[in-house]
Undergrad: 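Have a look at the structure that comes next, please.
Computed from a predicted structure; not experimentally measured.
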Amino acid sequence: MEMMTALEIYEKLLHTYGRPRWWSDDPYVVMVQAILVQHTAWASVEKVTSSLGNDLSPEKIAGLREERLIERIRPCGFGKAKAAAIQRLTMWYKNYQYDPEILRKKEKGELRSELLRIKGIGEETADVLLTFAFHKPSFVVDEYTRRFLGRLGYTFENDKQIRAFFESGLPADYRIYGWYHWLILDHGIQRCKKTPLCEDCCFQECMFSVNSAVTNLKGGK
């Protein structure tokens, strides 16, 4: 069976699930939530975001003592590490006057390199920030994406190859990249779980042997 292109996969997901939500229109909310969501459930992130309320601004967070920030974000786990990462990212943002428009004028590769130099910001988080906060098309590769592609029969060696597959096959539009990320997330939560629900799946006719794919993924770890 001929493999689907990145655009064909996107169109099928879009047809099945409809236009997805965006992350947030506030770049700083995206920054904080992208750190909070590491190794935790989105419901916990929403709980912390709600409890922070009007304090969720770079000026307010910059003025919080680390111990107080740890206490405020405790429901998301890993409080000390996440608080430190949030503070480092906030201080980096301060260097640009807390102005996302300044950052949006920077070249994508340069901006990505800056983000990756901040302790606590890995490749997945950096790509979230580039796409959702700074409007740079940088495809987000996460565990849902890897599992989904494996079950479709793709055999990429690493995340760099996965990112190249998407970025070479899509318009360079940060909105499409962002929507695509949420569509894969929705599909992973609803269908392509660790134990998949393949009946009536929109990709049922395209699926590689799930058992073989899961075995390959485990073997590649």
Side-chain angles (χ1 to χ4, degrees), residues 5-7 9-10 13-14 17 19-42 45 49 58 76 78 81-82 84-86 88-93 95-96 100-150 152 154 156-189 192 217 220:
T5 66
L7 189 57
I9 296 171
Y10 174 70
L13 286 167
L14 192 62
Y17 296 102
R19 179 65 57 81
R21 61 197 180 282
W22 193 248
W23 194 302
S24 172
D25 291 328
D26 185 331
Y28 188 68
V29 171
V30 175
M31 292 184 217
V32 172
Q33 289 184 334
I35 292 173
L36 292 178
V37 79
Q38 296 171 3
H39 309 295
T40 196
W42 185 250
V45 176
T49 302
C76 287
F78 305 96
K82 289 183 179 180
I86 289 169
R88 284 190 290 265
L89 182 60
T90 302
M91 292 308 296
W92 170 82
Y93 194 34
N95 292 334
Y96 294 97
E101 294 305 322
I102 295 175
L103 288 158
R104 288 169 184 166
K105 292 175 182 176
K106 293 178 75 72
E107 190 271 327
K108 182 178 76 171
E110 179 186 357
L111 185 52
R112 192 172 194 269
S113 294
E114 283 191 35
L115 290 167
L116 289 174
R117 286 196 292 269
I118 301 171
K119 186 178 179 181
I121 306 296
E123 293 198 355
E124 182 181 331
T125 303
D127 291 326
V128 164
L129 300 182
L130 286 168
T131 298
F132 291 96
F134 306 127
H135 300 173
K136 304 288 186 182
S138 191
F139 202 88
V140 181
V141 179
D142 59 8
E143 189 56 38
Y144 288 102
T145 307
R146 299 182 197 101
R147 184 166 64 209
F148 175 49
L149 291 177
L152 285 177
Y154 296 91
F156 298 107
E157 293 183 3
N158 50 47
D159 289 353
K160 184 177 180 179
Q161 289 186 359
I162 294 174
R163 194 176 299 110
F165 166 73
F166 287 110
E167 295 187 359
S168 66
L170 296 171
D173 185 331
Y174 75 90
R175 291 164 297 188
I176 290 177
Y177 282 46
W179 290 326
Y180 210 147
H181 172 67
W182 279 117
L183 286 166
I184 291 175
L185 180 62
D186 287 340
H187 184 66
I189 291 172
C192 206
L217 287 172

Undergrad: Applying side chain to side chain contact (heavy atoms under 4.5 Å, CB included) to His39 and Phe78, what does each step give before you reach the verdict?
TA: CA-CA 9 Å; His39 309 295; Phe78 305 96; 3.7 Å; yes
Undergrad: Can you confirm whether more than 12 heavy atoms, excluding those of Lys106, are under 6.0 Å from its NZ atom?
TA: yes
Undergrad: Please determine, by modelled atom types, if Tyr96 and Glu114 share a side-chain donor-acceptor pair under 3.5 angstrom.
TA: yes
Undergrad: Leu129 and Ala34: which non-hydrogen atoms are nearest, and at how many Å?
TA: CD2-CB, 3.9 Å
Undergrad: Roughly how far apart are Asp142 CG and Phe148 CZ, rounded to 0.5 Å?
TA: 11.5 Å
Undergrad: Hey, is Arg163 close enough to Glu123 for a salt bridge, meaning N to O under 4.0 Å?
TA: yes
Undergrad: Can you check side chain to side chain contact (heavy atoms under 4.5 Å, CB included) on Leu13 and His187, steps first, answer last?
TA: CA-CA 8 Å; Leu13 286 167; His187 184 66; 3.8 Å; yes
Undergrad: Any salt bridge between Glu101 and Arg104, counting N to O under 4.0 Å?
TA: yes
Undergrad: Applying side chain to side chain contact (heavy atoms under 4.5 Å, CB included) to Leu130 and Val140, what does each step give before you reach the verdict?
TA: CA-CA 9 Å; Leu130 286 168; Val140 181; over 6 Å; no
Undergrad: Around atom CD of Glu157, are there more than 12 heavy atoms from other residues, nucleotides or ligands closer than 6.0 Å?
TA: no
Undergrad: Among residues at least two apart in sequence or on other chains, which ones pass ring-ring contact (aromatic ring centres under 6.0 Å, His included) with Tyr28?
TA: none
Undergrad: What's the separation between atom CH2 in Trp92 and atom CZ in Arg117, rounded to the nearest 0.5 Å?
TA: 10.5 Å
Undergrad: Which residues satisfy the ring-ring contact (aromatic ring centres under 6.0 Å, His included) test with Tyr177, sequence neighbours excluded?
TA: Phe139
Undergrad: Measuring from Ile9:CD1 to Leu183:CG, what's the distance to the nearest 0.5 Å?
TA: 12.0 Å
Undergrad: Which is it for Trp182 and Trp22 under the ring-ring contact (aromatic ring centres under 6.0 Å, His included) test, yes or no, and what are the steps along the way?
TA: CA-CA 8 Å; Trp182 279 117; Trp22 193 248; 8.9 Å; no
Undergrad: Strictly distance-based, threshold 3.5 Å: is any side-chain N or O of Thr131 a donor or acceptor partner for the main-chain N or O of Ser138?
TA: yes
Undergrad: Check whether any side-chain N or O of Lys82 sits under 3.5 Å from a backbone N or O of Leu36 as a donor-acceptor pair, and report yes or no.
TA: yes
Undergrad: Between Asp186 and Arg21, does any NZ, NE, NH1 or NH2 come within less than 4.0 Å of an OD or OE carboxylate oxygen?
TA: yes
Undergrad: Hey, are Asp127 and Lys136 close enough for a salt bridge, meaning a charged N less than 4.0 Å from a carboxylate O?
TA: no
Undergrad: Do Gln33 and Thr49 meet the criterion of a side-chain donor-acceptor pair at a distance under 3.5 Å?
TA: yes
Undergrad: Answer yes or no: is there a donor N or O on one side and an acceptor on the other, between the side chain of Tyr180 and the main chain of Ala6, under 3.5 Å?
TA: yes
Undergrad: How long is the straight-line distance from CE of Met31 back to CD1 of Ile121, given to the nearest 0.5 Å?
TA: 10.0 Å
Undergrad: Which distance, rounded to the nearest 0.5 Å, do you find between the OG1 of Thr5 and the CZ of Phe166?
TA: 10.5 Å
Undergrad: CZ/Arg19 to CZ/Arg175 distance, rounded to the nearest 0.5 angstrom?
TA: 9.0 Å
Undergrad: Could you tell me whether Glu167 and Lys108 make a salt bridge, using a distance below 4.0 angstrom between a side-chain N and a carboxylate O?
TA: yes
